[in-house]
Amino acid sequence: QVQLVESGGGLVEPGGSLRLSCLPSGFAFGGYAMAWFRQAPGKGREAVSCISIWDESPSYADVVKGRFTTSRDVAKNTTVLQMNNLELEDTGVYFCASGPLRCGQFWNQSGRFSTWGQGTQVTVAS
């Protein structure tokens, strides 16, 4: 069974950092794009980042550029989202997703991703 399991969420003050991990099971993610999406209370799902070996570099939403970094540890079969300088608006449930080979131009379209994790809660509050 193909699954994605997120971990690393929690409560942090503004300006703090969190490190999220996504561990696939049932498949080797090496050849697939791995993306992070988030959903704030009362809002729709928003793309955060995407990484693929078939793209030159990861893609990021403008609101997180310079603060978030995504990377992959092929040996551990894990994708990581390092979140620094967190803001109140970063609060939400964070999901990792996979499906296409490349992130590409339309990396922020959730419909392209067929496999999703259950999500991990990130709360930024003072």
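- A distance of 6.5 Å separates OG in S126 from CG in L88, rounded to the nearest 0.5 Å.
- Within 6.0 Å of atom CD in Q118, 12 or fewer heavy atoms from other residues, nucleotides or ligands are found, so the atom counts as exposed in its surroundings.
- Atom CD of residue Q109 and atom CZ of residue R45 lie 15.0 Å apart, to the nearest 0.5 angstrom.
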Could you walk me through whether T123 and Q121 pass the side-chain hydrogen bond (donor to acceptor under 3.5 Å, both in side chains) test, one step at a time?
CA-CA 6 Å; T123 302; Q121 176 69 43; 3.3 Å; yes

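- The CG atom of N108 sits 11.5 Å away from the OG atom of S49 when rounded to the nearest 0.5 Å.
- To the nearest 0.5 Å, atoms OH (Y32) and OG (S98) are separated by 7.5 Å.
- In summary, of the residues considered (V48, I51, L20), a side chain to side chain contact (heavy atoms under 4.5 Å, CB included) with T70 occurs for I51 alone.
- Looking at T78, its side chain does come within 3.5 Å of a backbone N or O of K76 through a donor-acceptor pair.
- To the nearest 0.5 Å, the span separating CZ on R38 from OG1 on T120 amounts to 14.0 Å.
- Put simply, the side chain of W36 does not reach to within 4.5 Å of the side chain of C50, judged on heavy atoms.
- Looking at every heavy atom in both residues, A47 comes nearest to A61 through O-CB, 3.4 Å.
- For the pair L11 and A125, the tightest heavy-atom approach, listed with the atom from each and the gap, is CD1-CB, 4.1 Å.
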Go through it in stages, so that I can follow the logic: the residues are V63 and E46, the test is side chain to side chain contact (heavy atoms under 4.5 Å, CB included), and I'd like the CA-CA distance, side-chain angles, deciding distance and then a yes or no.
CA-CA 11 Å; V63 293; E46 175 187 31; 3.9 Å; yes

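- Summarising the geometry of L4 relative to M34, their closest heavy-atom pair is CD2-CE, 3.9 Å, with the distance given to 0.1 Å.
- Annotation: side-chain hydrogen bond (donor to acceptor under 3.5 Å, both in side chains) contacts involving residues 12-25, sequence neighbours excluded, comprise S17-N84, R19-Q82.
- Judged purely by atom type and a 3.5 angstrom limit, S52 uses its side chain to pair as donor or acceptor with the backbone of L101.
- Judged purely by atom type and a 3.5 angstrom limit, D55 uses its side chain to pair as donor or acceptor with the backbone of C103.
- Within the structure, ring-ring contact (aromatic ring centres under 6.0 Å, His included) contacts touching residues 57-114 (residues at least two apart or in different chains) are F37-F113.
- Considering CG of L23 and CD of E6, their distance stands at 10.0 Å, rounded to 0.5 Å.
- The hydrophobic cluster containing L81 also contains V124, counting ILVMFWY residues as joined when their side-chain heavy atoms lie under 4.5 angstrom apart, directly or transitively.
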Kindly determine whether V122 and M83 satisfy side chain to side chain contact (heavy atoms under 4.5 Å, CB included), including the steps that lead there.
CA-CA 10 Å; V122 170; M83 306 187 295; 3.9 Å; yes

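- Looking only at distances, a side-chain donor or acceptor of W54 sits under 3.5 Å from a matching main-chain atom of G31.
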